[in-house]
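Contents: one structure, followed by commentary.
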Amino acid sequence: MTTALIAASSVLVVLITFGWAKEFRLRRALQSLLARVFTQRRDAHEADDSLPQRHDTRGSAISGNHRWMR
């Protein structure tokens with residue numbers, strides 16, 4: 001009985017360790033993905049800010065990269 005309890009506890013510890021390692025890797029991967037997405041959005045936003053602003057006939061600002069609005 002004691003041997004079975006020790007074996008079950010050991011297996012449980014190994015499974016918890018593997019689960020924790022997998023969760024840690026997934027969290028790092030998600031953080032990396034989110035960092036990449038936010039960097040691309042920030043760079044795109046900064047590029048939009050560097051474009052000259054035009055105004056339409058009502059005086060609203062039109063960003064330089066919205067060609068469908070011209």
Side-chain angles (χ1 to χ4, degrees):
M1 178 71 178
T2 305
T3 306
L5 185 61
I6 291 174
S9 297
S10 299
V11 168
L12 183 62
V13 167
V14 168
L15 290 177
I16 288 173
T17 303
F18 282 148
W20 178 78
K22 186 175 183 178
E23 186 268 336
F24 183 74
R25 285 181 27 214
L26 288 174
R27 186 186 311 159
R28 264 195 351 205
L30 180 61
Q31 286 175 343
S32 174
L33 177 65
L34 287 174
R36 241 186 307 160
V37 167
F38 287 136
T39 300
Q40 288 176 351
R41 287 193 56 148
R42 185 187 66 227
D43 291 346
H45 180 70
E46 288 174 357
D48 285 348
D49 288 345
S50 67
L51 294 174
Q53 292 287 320
R54 294 184 351 166
H55 293 279
D56 65 1
T57 56
R58 295 174 304 225
S60 301
I62 298 175
S63 177
N65 69 347
H66 295 294
R67 293 191 176 106
W68 60 272
M69 293 179 72
R70 291 184 189 171

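Side-chain atoms are counted along with the backbone in the values below, which use heavy atoms only and exclude waters and symmetry mates.
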Just checking Arg42: does its CZ atom have more than 12 heavy atoms from other residues, nucleotides or ligands closer to it than 6.0 angstrom?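 Count over threshold, so yes.
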
Are Val14 and Ile6 linked, directly or through other ILVMFWY residues, by side chains that come within less than 4.5 angstrom of each other?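 No, Val14 and Ile6 fall in different hydrophobic clusters.
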
Nearest-0.5 Å distance, CG of residue Leu26 to CG of residue Leu33: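 Spacing of CG (Leu26) from CG (Leu33) equals 12.0 Å.
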
Measuring from Glu23:CD to Phe18:CZ, what's the distance to the nearest 0.5 Å?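 Going from CD on Glu23 over to CZ on Phe18, the span is 15.5 Å.
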
Side-chain heavy-atom pair Arg28, Phe24 within 4.5 angstrom cut-off: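 Of all side-chain heavy-atom pairs linking Phe24 with Arg28, at least one is under 4.5 Å.
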
Could you list who else is in Val11's hydrophobic cluster, with ILVMFWY side chains joined at under 4.5 Å, directly or through other members?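 Taking Ile, Leu, Val, Met, Phe, Trp and Tyr as members, Val11 shares its hydrophobic cluster with Leu15.
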
Any pair counted as side-chain hydrogen bond (donor to acceptor under 3.5 Å, both in side chains), so long as it reaches residues 2-17, sequence neighbours left out: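 Pairs touching residues 2-17 that pass the test: none.
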
